Undergrad: 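Please read through the structure below; I'll follow up with questions.
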Amino acid sequence: MIDEVKPIVLEMEKAILAYKHYVTSLKTGKAHNLLVENIIVESYDKKMSLKQIASISVPDATSIIIKPWDMSLLKAIEKAILKSNIGLTPNNDGKVIKINMPPMTEEDRKNIVKQLKQESEKYKVNIRNMRKKANTVIKDLEKDKNISKDDQKKEEDEMQKLTDKYIKEIDELLSVKQKEILSV
């Protein structure tokens with residue numbers, strides 16, 4: 001891999017990591033700390049993620065327990081969860097916030113799968129656009145006589161293999177998550 005293309009390959013890798021994070025944070029009807037840990041809470045005149053100001057536990061598949069390290073933040077956390085628009089209702093008992101996961105309807109599941117497919121396609125298009133960008137860089141290098149025609153072909157083939165690998169990874173993650181969401 002030539003140096004001029006390495007930053008683009010790093011972008012591809014970051015896109016895959018972002019996709020993985022997106023997929024794991026999707027609501028599937030099962031409780032998971034990723035559903036809430038990045039919710040932004042106004043605390044101490046700053047904006048902080050929930051995981052920075054509280055412990056988050058998942059005692060079973062249907063509930064999330066949030067225990068702030070400073071009890072004065074309970075109301076702010078409750079407000080942030082409601083404002084986050086994730087469709088979960090916090091229950092504040094004065095010591096912890098408990099979130100019960102409502103059972104998902106068939107329609108909810110289908111809508112989430114539809115959203116997942118749309119998002120997956122966006123990531124695949126993004127990966128393909130990065131390949132196109134890399135190929136442009138490679139062609140310009142050959143045009144400027146910085147690499148040979150053979151090296152150009154080799155680098156373009158390498159980019160295609162990487163693109164295929166990442167698209168396959170997205171498809172596999174999509175398939176696994178889709179099965180998880182649709183299983184009752």
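Note that the numbering runs from 1 along the sequence shown for the chain. The shown structure was predicted, so the numbers you read here are calculated from the model rather than taken from an experiment. Scope of the values below: all heavy atoms of this structure, side chains included, with no hydrogens, waters or symmetry mates.
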Undergrad: Could Lys161 and Asp164 be called an ion pair, given the rule that one side-chain N must be under 4.0 Å from one carboxylate O?
TA: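 Looking at Asp164 together with Lys161, the answer is no, because their closest N to O distance does not fall below 4.0 Å.
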Undergrad: Just do the salt bridge (charged side-chain N to carboxylate O under 4.0 Å, His left out) check on Lys153 and Glu156 with the steps written out, would you?
TA: CA-CA 5 Å; Lys153 178 74 175 126; Glu156 287 173 347; 5.7 Å; no
Undergrad: What's the verdict on salt bridge (charged side-chain N to carboxylate O under 4.0 Å, His left out) for Glu121 and Lys124, showing C-alpha distance, side-chain angles and the deciding distance?
TA: CA-CA 5 Å; Glu121 195 53 43; Lys124 289 196 273 188; 3.7 Å; yes
Undergrad: Could you tell me whether a side-chain N or O of Arg109 sits under 3.5 Å from a main-chain N or O of Ile181, the two making a donor and an acceptor?
TA: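 Indeed, once roles are kept as given, a pair shorter than 3.5 Å links the two residues.
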Undergrad: Please, which pairs that meet ring pair (Phe, Tyr, Trp, His ring centres under 6.0 Å) have at least one residue in residues 111-167, sequence neighbours excluded?
TA: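 Sorted pair list: Tyr19-Tyr123.
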Undergrad: If only atom types and distance count, is the side chain of Asp60 paired as donor or acceptor with the main-chain N or O of Thr62 below 3.5 Å?
TA: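 Yes, Asp60 side chain to Thr62 backbone: donor-acceptor pair under 3.5 Å.
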Undergrad: Which residue pairs satisfy the side-chain hydrogen bond (donor to acceptor under 3.5 Å, both in side chains) criterion with at least one member in residues 65-79, sequence neighbours excluded?
TA: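 Passing the test, one end in residues 65-79: Tyr44-Asp70, Asp70-Ser72, Glu78-Asn92.
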Undergrad: Determine whether Asp157 and Lys154 satisfy the following criterion, salt bridge (charged side-chain N to carboxylate O under 4.0 Å, His left out), listing intermediate values before the conclusion.
TA: CA-CA 5 Å; Asp157 288 347; Lys154 191 176 89 187; over 6 Å; no
Undergrad: Looking only at non-hydrogen atoms, find the nearest pair between Leu34 and Thr24 and report the distance.
TA: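 Scanning both residues, the minimum pair turns out to be CD1-OG1, 3.3 Å.
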Undergrad: Ignoring hydrogens and geometry, is there a side-chain-to-backbone donor-acceptor pair from Asp171 to Lys168 under 3.5 Å?
TA: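 No; zero donor-acceptor contacts below 3.5 Å.
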Undergrad: Do NZ/NE/NH1/NH2 and the carboxylate oxygens of Glu11 and Lys133 come within less than 4.0 Å?
TA: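 Salt bridge flag = yes for Lys133 with Glu11.
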Undergrad: So does Glu180 pair up with Lys177, basic N to acidic O under 4.0 Å?
TA: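 Yes, this pair counts.
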Undergrad: Given 3.5 Å as the limit, does a donor-acceptor pair link the side chain of Ser84 with the main chain of Ile81, or not?
TA: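 The answer is yes, because a donor-acceptor pair under 3.5 Å joins these two groups.
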